[in-house]
Amino acid sequence: MNFFLKSISYIFHPILMPLLGAIIYFSAAPRFIPEDIIKSKILGLTVLTVFIPIVLYFFLKNIGSISSMNIENIKQRKTPLLIQSILLILVIKLIIDAYHYPELYFFFLGVLFSSLSAIFMILFNIKASLHMIGIAGITMFTIALSIHFSMNLTLLIAALMITNGLVATSRLHYKAHSNLELILGFLIGVIPQLTLVNFWL
């Protein structure tokens, strides 16, 4: 059980959630998007949201700015979140445009607002769960996609809701967060997506 819950924390690490959201979008969107375009977008997103953050993680760890990949220490969260916010701005400016991919554009804009909200919480010494922010945001986005495209994504949505519970259980099991921090993370992940859905649903 320990191995399973630990695996959940790594498989659904917040660094992977923006890319997962894009994969769900390109898999579910009924509009025609050339395969080459999809591959190039996924590659660009992988570089900006996964590879670069991993490289910067090792750099920050080597200079002592952060101590672990999950960044349990609230004081160590500000720099990684600021870097993530900058990278998300680059994604919005360079990779996902509002004209061709409005749903995905506002998804990433919501992720950016969630990151900025987490930074704002840090100013008041409040640590929201980044894992819950990530998985909750994707769940809300998938529900909105299902409604927008009139598609039956019930199984995927159910799986994501179960994953929300597993992620919360994992973080509680390892005492990484309190119940309040998990609830805050969930709300910070859902509310920006729910708010921005008005611009494309």
Side-chain angles (χ1 to χ4, degrees), residues 11-57 80-120 130-161 163-164 167 185-201:
I11 293 171
F12 296 99
H13 193 278
I15 200 176
L16 301 174
M17 294 301 98
L19 180 61
L20 179 58
I23 292 172
I24 290 174
Y25 171 77
F26 286 122
S27 301
R31 64 169 56 98
F32 174 72
I33 304 174
E35 188 175 344
D36 290 344
I37 297 295
I38 293 176
K39 288 180 179 178
S40 66
K41 297 295 182 184
I42 293 296
L43 177 61
L45 290 171
T46 303
V47 170
L48 280 177
T49 65
V50 180
F51 288 162
I52 292 178
I54 288 175
V55 170
L56 291 173
Y57 158 73
L81 283 171
L82 284 171
I83 291 172
Q84 183 192 37
S85 298
I86 292 169
L87 292 173
L88 287 169
I89 291 171
L90 290 177
V91 166
I92 292 168
K93 291 290 186 182
L94 303 177
I95 299 178
I96 307 297
D97 63 89
Y99 179 76
H100 292 97
Y101 317 99
E103 303 88 358
L104 198 57
Y105 174 85
F106 284 107
F107 166 69
F108 275 96
L109 192 60
V111 175
L112 174 60
F113 286 158
S114 292
S115 295
L116 294 175
S117 298
I119 294 172
F120 180 75
L130 300 181
H131 280 76
M132 287 306 299
I133 290 174
I135 193 63
I138 283 184
T139 303
M140 186 63 244
F141 177 61
T142 305
I143 293 171
L145 283 180
S146 178
I147 297 170
H148 179 59
F149 291 126
S150 298
M151 296 180 66
N152 184 4
L153 299 177
T154 305
L155 290 178
L156 177 57
I157 292 169
L160 287 171
M161 287 183 172
T163 303
N164 274 266
V167 168
F186 181 84
L187 293 175
I188 291 172
V190 167
I191 290 174
Q193 297 297 332
L194 189 59
T195 303
L196 291 173
V197 81
N198 294 303
F199 292 97
W200 60 268
L201 189 60

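In this structure a side-chain-to-backbone donor-acceptor pair under 3.5 Å is missing from Ser146 to Asn152. Proximity of a side-chain donor or acceptor of Lys41 to a complementary backbone N or O of Ile96 within less than 3.5 Å is not detected.
Heavy-atom contacts from other residues, nucleotides or ligands closer than 6.0 Å to CG of Leu155 number 12 or fewer. The number of heavy-atom neighbours closer than 6.0 Å to CZ of Phe149, taken from other residues, nucleotides and ligands shown, is above 12.
Closest approach of Ser85 and Ile119 over heavy atoms only: OG-CD1, 3.8 Å. Taking each heavy atom of Gln193 and Val111 in turn, the nearest pair found is NE2-N, 3.5 Å.
In this structure, Leu145 and Met151 have side chains that are not in contact, with every pair of non-hydrogen atoms separated by 4.5 Å or more. With contacts defined as side-chain heavy-atom distances shorter than 4.5 Å, the pair Leu81/Leu130 qualifies.
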Output side-chain donor-acceptor pairs under 3.5 Å for residues 101-110, partner residues at least two apart or in another chain, one line each.
| unit_1 | atom_1 | unit_2 | atom_2 | d |
| --- | --- | --- | --- | --- |
| Glu103 | OE1 | Tyr25 | OH | 3.1 |
| Glu103 | OE1 | Arg31 | NH1 | 2.9 |
| Glu103 | OE2 | Arg31 | NH1 | 3.2 |
| Glu103 | OE2 | Arg31 | NH2 | 3.1 |
| Glu103 | OE2 | His148 | NE2 | 3.0 |

**Message:** As a quick check of understanding, evaluate side chain to side chain contact (heavy atoms under 4.5 Å, CB included) for Leu196 and Met140, giving each step before the final call.
**Reply:** CA-CA 11 Å; Leu196 291 173; Met140 186 63 244; over 6 Å; no

**Derivation and outcome, side chain to side chain contact (heavy atoms under 4.5 Å, CB included), residues Val91 and Leu112** = CA-CA 10 Å; Val91 166; Leu112 174 60; over 6 Å; no

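Separation of atoms CD1 (Ile24) and CD1 (Ile157) is listed at 9.5 Å; rounding is to 0.5 Å.
Applying the salt bridge (charged side-chain N to carboxylate O under 4.0 Å, His left out) definition to pairs two or more places apart or across chains, none involves residues 132-160.
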